[in-house]
Amino acid sequence: MADMKALDCFPENILIEILSYLNVRELVRNGRVCKRWKRLVKDQRLWRVVDLSTWKGVTSRVLWVLLRQYLGRGLRYLRLRGLLLSARGGAFLSEPWLQTLASKCPRLFRLSLLHTDLRGLPSCSLLPPTLQILELHGCEVPPGFFTQNPPVTSELDHPVVAASNVQNKPPVSSSSSGIAIETLILDNVPSFTNQHLQSLNLWGRLSRLELRDMIRVTASGLRSCAPPGVQALSHLKHLEMDTGSRQQMAALGLGEGWVGLESLGLGGREVSPGLLCLSRLPDLRWLLLRSCRLTEMMVLRSCRMLKELRRLEFWQVEFVIESRRGETEGGAEREEGEREREESSENDPVPNLRRSLATLLPKCNVLFTQCTVTENMD
């Protein structure tokens with residue numbers, strides 16, 4: 001009791017700062033201490049970023065309790081873990097809950113879903129219209145999920161709902177009916193196909209797309225979305241593709257060019273086919289290569305035509321260099337190799353490559369992060 005009285009002496013701003021270090025479950029528990037703490041816990045400064053992915057006991061009932069009692073206008077970023085891998089299963093996100101979320105949290109701009117079964121939702125247009133960033137990690141989606149409008153149900157089946165919608169629904173304009181999402185991140189979504197990718201052409205604000213371990217996206221599907229074309233993603237400025245254990249080679253779809261694409265990230269097995277297509281991307285200004293094996297010659301041949309490139313990043317790249325053991329002892333080549341190894345560091349593991357890129361692309365900044373060098377003994 002003495003500790004509780006001591007805490008009562010602190011101003012509310014200090015107490016809210018202390019409570020901000022607690023997770024959602026701990027916040028709810030602390031709200032049961034007393035009336036003052038219950039009021040403090042409901043302060044919207046504590047609910048700007050809500051991460052429920054570590055709370056394994058979250059169900060649809062818990063979501064309704066949180067939405068009715070705690071979530072409000074302060075919410076900016078919401079991260080949820082679904083029941084796709086849970087033995088309990090069952091519905092998780094429902095249309096009424098999403099509609100309530102949109103009305104109570106008008107400032108929500110980022111939603112991250114982990115292991116969530118979205119096949120019960122006919123379209124992503126049921127998500128809050130204020131969303132600008134949508135992340136799907138290990139989720140399942142229905143065939144028409146990324147279309148603009150959900151299927152229309154018959155008014156005879158739901159007369160009460162239909163009548164209320166007719167009375168309360170405002171007139172829809174072409175500018176307000178579109179999806180406002182600007183960034184879409186898809187990570188290991190097995191049901192995502194080329195048809196889903198092509199349906200994104202209706203997203204007028206989509207400028208950033210990240211595809212990671214998408215096993216059903218092929219080179220032909222990506223090629224069909226390149227502008228100009230009927231299904232082109234004409235507003236896309238940033239594209240990232242990363243494939244680990246599967247040999248998809250979807251990056252070959254960039255071979256016919258992509259007008260307006262300014263930044264590109266390639267990882268894993270998508271690096272090699274993507275490097276073959278870089279010469280067809282004249283507008284590229286930023287390039288990221290990660291989690292792969294490269295040689296100096298591969299990088300120089302691929303980047304020599306990118307005159308507009310301003311930033312080139314290597315992240316967790318293993319550079320393979322030719323061994324110099326077979327050269328004559330005391331030769332100039334051997335001395336140059338020893339000097340290069342002495343000059344190399346963690347931030348500059350391949351000094352010769354940096355110097356060559358500086359000559360080839362003088363306006364480009366080169367950055368190495370967690371890269372290693374391996375000598376080829378063959």
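The analysis underlying the following values was restricted to heavy atoms, covering all of them including side chains, and did not include hydrogens, waters or symmetry mates.
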Is there a side-chain contact between Val58 and Phe92, using heavy atoms and a 4.5 Å cut-off? yes
With a 4.5 Å limit on heavy-atom distance, are the side chains of Arg45 and Leu19 in contact? no
Does Gln44 use its side chain to pair, donor to acceptor, with the backbone of Gly72 at less than 3.5 Å? yes
For Glu318 and Arg293: C-alpha separation, side-chain torsions, deciding distance, then whether salt bridge (charged side-chain N to carboxylate O under 4.0 Å, His left out) applies. CA-CA 5 Å; Glu318 179 185 357; Arg293 298 185 68 186; 3.5 Å; yes
What verdict does the side chain to side chain donor-acceptor pair (under 3.5 Å) test give for Thr193 and His196, after you've listed the backbone C-alpha separation in whole Å, the side-chain angles of each residue and the deciding distance to 0.1 Å? CA-CA 5 Å; Thr193 63; His196 288 105; 3.2 Å; yes
Counting only heavy atoms not in Arg39 (residues, nucleotides, ligands), do more than 12 fall under 6.0 Å from its CZ? yes
Scan side-chain atoms only and decide if Thr369 and Glu313 contain a donor-acceptor pair under the 3.5 Å cut-off. no
Nearest heavy-atom pair of Met241 and Ala251: which atoms, and what distance? CE-N, 3.8 Å
Could you tell me how the ring of Phe368 sits relative to the ring of Phe319: parallel (under 30°), tilted (30 to 60°) or perpendicular (over 60°)? perpendicular
Applying ring-ring contact (aromatic ring centres under 6.0 Å, His included), name anything that partners Phe145, two or more places apart in sequence or on another chain. none
Would a distance-only check, ignoring hydrogens and angles, find a side-chain to backbone donor-acceptor pair under 3.5 Å from Lys307 to Arg304? yes
Cys277 vs Leu281 side-chain heavy atoms within contact, under 4.5 Å: no
Asn30 side chain vs Trp37 backbone, donor-acceptor pair below 3.5 Å: no
Check whether Leu288 and Leu309 end up in the same hydrophobic cluster, where Ile, Leu, Val, Met, Phe, Trp and Tyr are linked by side-chain heavy atoms less than 4.5 Å apart. no
Any chance you could lay out the side chain to side chain contact (heavy atoms under 4.5 Å, CB included) test for Leu52 and Val62, step after step, and finish with the verdict? CA-CA 11 Å; Leu52 298 174; Val62 174; over 6 Å; no
Smallest heavy-atom separation, Thr116 atom then Leu84 atom, equals N-CB, 4.2 Å
Looking only at atom types and distance, does a side-chain atom of Thr243 sit under 3.5 Å from a main-chain N or O of Glu270, one as donor and one as acceptor? no
Spell out, yes or no, whether Leu360 and Leu312 are grouped together once hydrophobic residues are joined by side-chain heavy atoms under 4.5 Å, including indirect joins. yes
Taking the side chain from Trp203 and the backbone from Phe146, do they hold a donor-acceptor pair closer than 3.5 Å? yes
What distance separates Gln316 CD from Gln370 CD, expressed to the nearest 0.5 Å? 4.5 Å
If we only count heavy atoms from C-beta on, is the Thr147 to Leu202 side-chain gap below 4.5 Å? no
How long is the straight-line distance from CD1 of Ile179 back to OG of Ser123, given to the nearest 0.5 Å? 6.0 Å
Would you say the side chain of Leu121 lies within less than 4.5 Å of the side chain of Leu98, judging by non-hydrogen atoms? yes
For Leu27 and Trp47 the tightest heavy-atom approach is CD1-CZ2, 4.1 Å
Following the transitive rule for hydrophobic clusters with a side-chain heavy-atom cut-off under 4.5 Å over Ile, Leu, Val, Met, Phe, Trp and Tyr, establish whether Leu80 and Ile133 coincide in one cluster. no
Going only through I, L, V, M, F, W and Y residues with side-chain contacts under 4.5 Å, is there a path from Leu75 to Leu114? no
Rounded to the nearest 0.5 Å, what separates atom CZ in Arg48 from atom CG in Leu46? 9.0 Å
Side chain to side chain contact (heavy atoms under 4.5 Å, CB included) between Asn23 and Asp51, worked out: CA-CA 8 Å; Asn23 58 38; Asp51 186 1; over 6 Å; no
Evaluate the criterion side chain to side chain contact (heavy atoms under 4.5 Å, CB included) for residue pair Asn352 and Ile321; output intermediate values, then yes/no. CA-CA 11 Å; Asn352 188 44; Ile321 62 175; over 6 Å; no
Mind listing the closest non-hydrogen atom pair of Leu63 and Trp97 along with its distance? O-NE1, 3.1 Å
Reported CG-to-CE distance for the pair Asp187 and Met214, which is rounded to 0.5 angstrom: 8.5 Å
In this structure, are over 12 heavy atoms from other groups packed under 6.0 Å from Glu26 atom CD? yes
Is there a side-chain contact between Ser272 and Leu276 (heavy atoms, below 4.5 Å)? no
Are Val320 and Val373 joined in one hydrophobic group, where the rule is that I, L, V, M, F, W and Y side chains link up if heavy atoms are under 4.5 Å apart? no
Pro128 and Leu101 have their tightest heavy-atom pair at CG-CD2, 3.8 Å
Trace of the side chain to side chain contact (heavy atoms under 4.5 Å, CB included) decision for Leu83 with Asp117: CA-CA 7 Å; Leu83 305 175; Asp117 191 352; over 6 Å; no
Could you go step by step and tell me if Glu240 and Arg290 meet the salt bridge (charged side-chain N to carboxylate O under 4.0 Å, His left out) rule? CA-CA 11 Å; Glu240 286 194 33; Arg290 63 187 178 191; 3.3 Å; yes
Between atom CG of Leu287 and atom CG of Leu266, what is the distance when rounded to the nearest 0.5 Å? 6.5 Å
Is there a side-chain contact between Leu353 and Glu296 (heavy atoms, below 4.5 Å)? yes
Can you tell me how far apart SG (Cys124) and CG (Leu111) are? Round to the nearest 0.5 Å. 11.5 Å
Indicate whether any N or O donor in one side chain lies under 3.5 Å from an N or O acceptor in the other, for Glu182 and Ser207. no
With a 3.5 Å distance limit and no angle check, can you tell me whether Ser191 reaches the backbone of Val141 through a side-chain donor-acceptor pair? yes
Could you check whether atom CE of Met298 has more than 12 heavy atoms from other residues, nucleotides or ligands sitting under 6.0 Å from it? yes
Heavy-atom closest pair, residues Glu256 and Arg280: O-NH2, 3.8 Å
Applying side-chain hydrogen bond (donor to acceptor under 3.5 Å, both in side chains) as the test, list every pair that has at least one member in residues 62-80; sequence neighbours left out. Ser53-Arg79, Arg79-Ser112
Student check: side-chain heavy atoms of Asp283 and Glu308 closer than 4.5 Å: no
